[in-house]
Amino acid sequence: MHTLADEPVRRPVLLRGVRAAFVSFTRLPLGGYPYRVEEWRWAPAHLPLVGMAVGASSAAVGLAASWLGLPRELAALLALATSVLVTGALHEDGLADSADALGGGHDRERVLAILKDSRIGTFGALALGFSLLIRAGALATLGGRSWLALVAVHCLARFGPVQLMLSEPYVSDPTTAKSPSFLPIARAQLVVASAWMLLCLAAGVLCGAVPLECSAAMAISNGLLVVLAARYYRKTVGGITGDLLGAQEQAAELLLWLVWLACR
């Protein structure tokens, strides 16, 4: 019987992990199936790289809209829509589900049950609405080279979930979990994710899009958010789920935009 284990290894696992990351966390039709278990587990290591690509595509649309003379508000909405389309609203879905569960659940079992419910309730709708409004408002302040701040924000926002994958247990039922193949990850994945994040911040500083002090403030704020989220998730449900990781990315985006605007 032919199995996945019989497939020859044609490329290094690390590089195949890059492709698996884009297949998993975006809607880009990159194919490459089947992936081995170890290749799926390298996908989280490249989440910040995926963020850079998503941010770059969003920034390109915003810059193009500005160059065409469209109002800043419309350019902001088009840029935001681009990031949502490229990711298939993956993180927005996690935010809505998590807001409903954490807002409406009174114990661990109830929270986990609501997380599995695909319907959006009041808490989820409000969280999603405020997230879109705040991000659109932040993007409406961008112009010229500052559009490149999108790359840094999307990259940093995806670093936190990698940290949580390493430090917190996955509490969803493996038979119903959305992405059980990603876990467990090791410190090596976090090292690669850190390298992508540092590369992005260094490039932002060198090109003048994100000043050094602002980069430091964003990184520190993001780190503190991860610590607080880890404690909260551990206390509430005992660990993480895919939806909670999506909510973490969205919360990080909001925080990073506020920090970036305060730095300006």
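Quick caveat: nothing in here was measured; it's all calculated off a predicted structure. Residues take their numbers from the sequence shown, with the count starting at 1.
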Of all heavy-atom pairs linking Ala209 and Arg145, the shortest is CB-O, 3.9 Å

Quick check: does any side chain N or O of Arg19 sit under 3.5 Å from a backbone N or O of Leu30, one acting as donor and the other as acceptor? yes

Sorted by chain and residue number, the side chain to side chain donor-acceptor pair (under 3.5 Å) partners of Trp196 (sequence neighbours excluded) come out as His46

Please find the pair of heavy atoms, one from Thr87 and one from Arg158, that lie closest to each other, and give the distance. CG2-NH2, 3.7 Å

Distance in Å, His91 NE2 paired with His154 NE2, rounded so as to fall on 0.5 Å steps: 9.0 Å

Contacts of Arg119 meeting salt bridge (charged side-chain N to carboxylate O under 4.0 Å, His left out) (sequence neighbours excluded), chain-then-number -> Asp117

Could you tell me which non-hydrogen atom of Trp147 sits nearest to which non-hydrogen atom of Leu139, and how far apart they are? CH2-O, 3.9 Å

Would you list the pairs meeting salt bridge (Lys or Arg N to Asp or Glu O under 4.0 Å) in which at least one residue belongs to residues 76-87, sequence neighbours left out? none

Locate the shortest heavy-atom distance separating Phe182 from Trp40; write the atom from each residue and the value. CD2-O, 3.2 Å

If you group Ile, Leu, Val, Met, Phe, Trp and Tyr whenever their side-chain heavy atoms sit less than 4.5 Å apart, what else falls in with Val205? Leu212

Taking all non-hydrogen atoms of both residues into account, name the closest pair between Ala76 and Ala136 and its distance. CB-O, 3.6 Å

Counting N and O atoms only, with roles assigned by atom type, does the side chain of Ser98 sit under 3.5 Å from a partner on the main chain of Asp243, one being a donor and the other an acceptor? yes

Between side-chain atoms of residues 217-225 and protein atoms elsewhere (two or more places apart, or another chain), which donor-acceptor pairs fall under 3.5 Å?
| unit_1 | atom_1 | unit_2 | atom_2 | d |
| --- | --- | --- | --- | --- |
| Ser221 | OG | Ala217 | O | 2.8 |
| Asn222 | ND2 | Leu156 | O | 3.1 |

With sequence neighbours left out, which residue pairs that include part of residues 198-209 fulfil the side chain to side chain donor-acceptor pair (under 3.5 Å) condition? none

Any ring pair (Phe, Tyr, Trp, His ring centres under 6.0 Å) involving residues 201-227? Give me the pairs, sequence neighbours left out, ordered by first then second residue. none

Ignoring hydrogens and geometry, is there a side-chain-to-backbone donor-acceptor pair from Arg231 to Val227 under 3.5 Å? no

Taking the side chain from Ser58 and the backbone from Val54, do they hold a donor-acceptor pair closer than 3.5 Å? no

Minimum heavy-atom distance between Leu148 and Cys207, given as atom pair plus value: CD1-SG, 4.0 Å

Test side chain to side chain donor-acceptor pair (under 3.5 Å) applied to Arg234 - qualifying residues, sequence neighbours left out: Glu168

Ring pair (Phe, Tyr, Trp, His ring centres under 6.0 Å) contacts touching residues 199-258 (sequence neighbours left out): Trp257-Trp260

Donor-acceptor contacts, no H, no angles, side chain residues 120-133, under 3.5 Å, sequence neighbours left out:
| unit_1 | atom_1 | unit_2 | atom_2 | d |
| --- | --- | --- | --- | --- |
| Ser131 | OG | Arg135 | NE | 3.2 |
| Ser131 | OG | Arg135 | NH2 | 3.3 |
| Ser131 | OG | Gln250 | OE1 | 3.1 |

Just to verify, what does Gln189 make a side chain to side chain donor-acceptor pair (under 3.5 Å) with, not counting sequence neighbours? none

CG/Leu164 to CD1/Ile240 distance, rounded to the nearest 0.5 angstrom? 6.0 Å

Here the salt bridge (Lys or Arg N to Asp or Glu O under 4.0 Å) pairs for residues 98-111, sequence neighbours left out, are none

Roughly how far, to the nearest 0.5 Å, is the OH atom of Tyr170 from the CG atom of Leu245? 7.0 Å

